[in-house]
Structures are given as structure tokens and as C-alpha cells.
Amino acid sequence: CYGFHIPSFPLHIYYPKQYKNKKDYSTWEYILLNINHYTFYFITNMIQLKDIVTIQTGVYIKPSPNSETLYLQLSDFDKDGNFIDRIVTYVSIPEKNNKHLLSSKDLLFAAKGNKNICIIAPETNKTCVASPSFIVIRIKDKEKILPEYVAWYLNSPIIQNLLANHALGSAIKSITKNVLEDLEIP
């Protein structure tokens with residue numbers, strides 16, 4: 001067997017000798033994408049995402065032109081998850097919805113559609129709230145766990161493939177809050 005090490009990730013995956021040829025890259029990629037996530041459990045220490053984060057859905061609020069709270073929607077980000085500084089929607093937040101206000105380093109997971117990207121909430125001088133297109137992931141202890149690590153992990157091809165297999169719906173795919181909560185992370 002030949003060993004394969006994923007950089008910055010304490011995991012070794014072994015493949016049969018027949019896959020050592022670089023021409024078989026598509027085969028390597030296929031094997032990597034089809035690794036069952038339970039395989040990781042025996043190799044590294046895994047915990048469920050819900051043990052290190054709080055997860056809530058975005059909130060639906062009608063637009064209000066005389067407000068200063070940004071209402072973040074999928075259309076406010078490009079395909080790579082970068083915030084597009086353009087005309088955005090503003091909303092007024094009732095007192096009961098203050099728990100939905102985003103804080104620094106909150107993660108936004110695009111739960112609906114074909115591209116379930118995880119992005120870090122943009123740093124702005126205005127308060128922000130996420131639309132129902134997003135699931136908001138808030139790290140419980142930001143000094144122990146970097147939000148960038150969680151975003152990287154959720155955007156990795158292996159996890160994206162796993163999430164795609166758990167997506168619900170036929171026309172518009174959707175990842176549920178429960179699927180994210182039960183996801184294991186090293």
C-alpha cells in the first residue's frame with residue numbers, strides 16, 4: 001500500500017498499489033470523495049458539530065427602507081462566498097429577534113440550493129441578520145476553535161459530498177439544521 005497524507009489534517013488514507021499512477025488521479029479523487037465519514041472516527045478524535053457550536057436558522061423579516069440592519073441573502077455573496085458591496089436589503093429588527101443579530105466571526109451556511117458554501121459573516125460597521133437561506137453557526141468558544149477551521153471543514157469536498165447525500169427536496173435541495181448538528185468534525 002501507498003500512504004496518502006492530507007496536509008494540515010491528522011489522517012492517513014491507504015490505497016492499493018494499482019492507484020499509484022498519476023494518470024489515475026480521477027480514481028484517487030473518486031476514492032477520496034467516497035470515503036465514509038465514519039472511517040475518520042477510528043483514526044482521529046471526532047466530535048459532533050453541535051458540541052462546539054450553536055446552530056440556528058436565519059429569520060424572515062420584511063424589508064424596511066429606513067432601517068440600518070443589513071439583511072444578508074445568498075445574492076449578496078459571489079460564488080466564492082465574498083460579500084458583494086452593492087445595494088443590499090435593510091430591515092428593522094423587533095426586540096424579540098435580537099438573538100438573530102450576527103456577531104463577529106459567525107458562520108453562514110447556505111442551506112438551500114446546489115452550492116452549500118459556508119462563509120464567515122462579513123465585517124461591516126452595521127448590524128446584520130441572516131435570511132432563511134442561511135443556517136447561522138456560532139462557535140461557543142472562539143478562543144479554542146477557529147471559525148475559519150469550521151468553515152474550511154464544511155467547505156471541504158468530502159463534507160460537501162456527504163452533505164449533498166443528506167440534502168432533502170427534489171427541485172431545490174436543502175440541508176437541515178439536524179444534519180449539520182450531527183455532523184462529526186475532527
Side-chain angles (χ1 to χ4, degrees), residues 5-13 32 35-61 68-74 76-78 80-83 88 91 93-113 115-167 174-186:
H5 178 72
I6 299 173
S8 307
F9 200 79
L11 170 68
H12 291 276
I13 304 168
L32 234 152
I35 293 172
N36 185 328
H37 72 285
Y38 293 109
T39 305
F40 295 122
Y41 182 81
F42 299 107
I43 300 172
T44 70
N45 293 329
M46 303 289 279
I47 58 173
Q48 287 187 319
L49 194 59
K50 67 183 171 187
D51 295 335
I52 59 170
V53 302
T54 57
I55 298 176
Q56 67 184 33
T57 57
V59 62
Y60 175 76
I61 301 172
E68 294 195 14
T69 301
L70 292 174
Y71 189 58
L72 299 176
Q73 303 174 75
L74 283 173
D76 295 326
F77 298 90
D78 66 15
D80 298 320
N82 299 311
F83 183 63
V88 292
V91 294
I93 301 291
E95 207 53 42
K96 66 178 183 175
N97 286 336
N98 278 347
K99 69 177 183 176
H100 292 284
L101 291 174
L102 299 177
S103 59
S104 176
K105 302 287 186 174
D106 279 350
L107 300 173
L108 302 175
F109 182 79
K112 294 179 171 76
K115 185 151 176 130
N116 302 115
I117 191 168
C118 184
I119 55 178
I120 296 174
E123 298 278 337
T124 66
N125 56 357
K126 298 185 183 241
T127 56
C128 299
V129 68
S131 73
S133 300
F134 292 110
I135 292 177
V136 179
I137 301 170
R138 189 164 287 153
I139 309 287
K140 291 178 182 175
D141 187 353
K142 293 179 184 170
E143 293 193 18
K144 288 186 178 178
I145 299 166
L146 295 173
E148 293 84 358
Y149 172 74
V150 176
W152 169 82
Y153 184 73
L154 292 175
N155 289 327
S156 68
I158 293 170
I159 299 305
Q160 286 289 309
N161 187 45
L162 177 70
L163 292 172
N165 289 334
H166 285 87
S174 178
I175 305 295
T176 65
K177 180 179 157 185
N178 292 339
V179 168
L180 281 180
E181 287 177 336
D182 294 338
L183 186 67
E184 292 182 326
I185 184 169

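For this chain, numbers begin at 1 and follow the sequence in order.
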Glu68: salt bridge (Lys or Arg N to Asp or Glu O under 4.0 Å) partners, not counting sequence neighbours: none
Non-neighbouring partners of Lys177 that pass salt bridge (Lys or Arg N to Asp or Glu O under 4.0 Å), sequence neighbours left out: none
Kindly write out the residues that satisfy side-chain hydrogen bond (donor to acceptor under 3.5 Å, both in side chains) with [X], not counting sequence neighbours, or none if the list is empty.
X      : value
Asp141 : none
Ser131 : none
Gln73  : Thr89
Asn82  : Asp78

Could you measure the distance from the [atom1] atom of [X] to the [atom2] atom of [Y]? Nearest 0.5 Å is fine.
X      : Y      : atom1 : atom2 : result
Lys99  : Thr54  : NZ    : OG1   : 10.5 Å
Lys142 : Ile52  : NZ    : CD1   : 12.5 Å
Ile175 : Ile135 : CD1   : CD1   : 8.0 Å
Arg138 : Ile55  : CZ    : CD1   : 12.0 Å
Glu181 : Thr176 : CD    : OG1   : 8.5 Å
Asn116 : Leu163 : CG    : CG    : 6.5 Å

Heavy-atom side-chain contact between Leu108 and Leu102 under 4.5 Å: yes
Note, Leu154 side chain near Ile137 side chain (heavy atom, < 4.5 Å): yes
Quick check: closest heavy atoms across [X] and [Y], and the distance to 0.1 Å?
X      : Y      : value
Val136 : Ala130 : CG2-CB, 3.7 Å
Ile117 : Gly81  : CD1-N, 3.9 Å
Pro132 : Tyr71  : CD-OH, 3.3 Å
Asp51  : Ile47  : OD2-CB, 4.4 Å

Solution key, residues 118-126 side-chain donor-acceptor pairs under 3.5 Å, sequence neighbours excluded:
| unit_1 | atom_1 | unit_2 | atom_2 | d |
| --- | --- | --- | --- | --- |
| Glu123 | OE2 | Ser104 | OG | 3.3 |
| Thr124 | OG1 | Lys126 | N | 3.4 |
| Thr124 | OG1 | Lys126 | O | 2.9 |

Pairs touching residues 145-163 that satisfy salt bridge (Lys or Arg N to Asp or Glu O under 4.0 Å), sequence neighbours left out: Lys105-Glu148
Audit row: Leu146, Trp152, side-chain contact (heavy atoms from CB on, under 4.5 Å) steps and yes/no: CA-CA 10 Å; Leu146 295 173; Trp152 169 82; over 6 Å; no
Whether Asp106 side chain and Ser103 backbone form a donor-acceptor pair below 3.5 Å: yes
According to side-chain contact (heavy atoms from CB on, under 4.5 Å), who are the partners of [X], at least two apart in sequence or on a separate chain?
X      : result
Ser174 : Lys112
Thr57  : none
Leu101 : Thr69, Ile93, Asn98, Thr127

ring-ring contact (aromatic ring centres under 6.0 Å, His included) partners for Phe77, two or more places apart: Phe83, Phe134
Criterion side-chain contact (heavy atoms from CB on, under 4.5 Å) on Leu107 and Val53, from CA distance to verdict: CA-CA 10 Å; Leu107 300 173; Val53 302; over 6 Å; no
